[in-house]
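What follows is a short report on a single structure.
All residue numbers refer to positions in the sequence shown, counting from 1. Just follow the structure's listing: the first ligand is 1, and inside any ligand the first atom is 1.
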Amino acid sequence: MLYSIITAIQKSAICIDNLLKKDDFNYLNSKNSTGDIQLDIDVEANRIFKDTLLCLESIKGVCSEEEKEIIYKENPSGVYIVAFDPLDGSSIVDSNLSVGSIFGIYNQELNAKNLIASGYVIYGPRLEMIVAQNDVHHYIYNGNEWKINGNLTLSNKGKINAPGGTQKNWSTKHKILIESLFLEGYRLRYSGGMVPDLHLILRKGGGLFSYPPTSDMPNGKLRALFEVFPFAFIFEKAGGEAIDGQNRLLDLEIDTIHQSLPCFFGSKDEISRVKLAYK
Ligand code: P6P
């Protein structure tokens, strides 16, 4: 059942990767449900994912960052709802930095406890895809086919520090936490693209990505259903942890489909330091 969904996402990813290689992108005079100004490629990537997934028997509906509401099939026979951010990182795609698509596969209901698989596509020098179910599988597209390139696992402690959010709006305890990691020699790696920034931590075996509550965004910026929960699932399956500062992210309930959550993804050692700082 999930194989058909993963294959459909792989097919969509190849189309989107080709689109990204075309000439420049244009901003539309439209905004998505979160208020982000849309690029033409945001809308096109959303259409590709929507059309490809809604054809599948196993799909009950889709929930996109680019759509106001959940789109359900009429008389669905399927049980899965795929929540996705079709193209995350529009704000950096015009500077030719890597961007990605993020997805979560939910069984019947859109909440963290019904998330049964998740993953992302990264559009970089290579087209790659991560799929987490029991393990975290790494695929590379070689121009003809998607080939498995092993699994990703996190060590207990890493060296990468990816601190998101506007620093002048960080809390004092967050500033002290982030500074303490740099004083220990952690390397700053932050592009402003959630997918490449988290992919780097997974590929380098560990560290901390944080998008904390800030004075201007007390609920963080990243969206629960199509960004935070999928990566929380991936990081836990890779042997790490994912919290909101205190609570396990996958234990949290949400009220609205575009709700954001503060989030910390990382190796166990770094997450234990976040818990101490946020106690
Ligand atoms: P900031 C991209 O716009 C995005 O939604 C994520 O991909 C990224 O992690 C975050 O915003 C970056 O936000 O406020 O650090 O620029």
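- Within the listing of ligand 1, atoms 15 (O) sit less than 4.0 angstrom from a heavy atom of Gly165.
- Aromatic ring centres of Phe265 and Tyr211: separated by at least 6.0 Å.
- Across Asp85, Asp197, Asp88, heavy-atom proximity to atom 5 (O) of ligand 1 is greatest for Asp88.
- Under the 4.5 Å side-chain criterion, counting only non-hydrogen atoms from C-beta, Tyr139 is not in contact with Asn149.
- For His258 and Glu65, the side-chain atoms include no donor-acceptor pair closer than 3.5 Å.
- Scanning the protein for heavy atoms near atom 11 (O) of ligand 1, the closest one is Lys221 NZ, 3.0 Å.
- The aromatic ring centroids of Phe209 and Phe235 lie 6.0 Å or more from each other.
- Annotation for ligand 1: atoms under 4.0 Å from non-hydrogen atoms of Tyr190 are 1 (P), 12 (C), 13 (O), 15 (O).
- Crowding of Glu253 atom CD: a count of heavy atoms from other residues, nucleotides or ligands under 6.0 Å not exceeding 12.
- Of all the atoms in ligand 1, the ones that sit under 4.0 Å from a non-hydrogen atom of Tyr211 are 1 (P), 13 (O), 14 (O), 15 (O).
- Within the listing of ligand 1, atoms 7 (O) sit less than 4.0 angstrom from a heavy atom of Gly193.
- Contact annotation: the side chain of Val79 never approaches that of Lys60 to less than 4.5 Å [non-hydrogen atoms, C-beta and beyond].
- At least one N/O-N/O distance between Met194 and ligand 1 falls below 3.5 Å.
- Closest to atom 8 (C) of ligand 1, if we only count protein heavy atoms, is Gly192 O, 3.2 Å.
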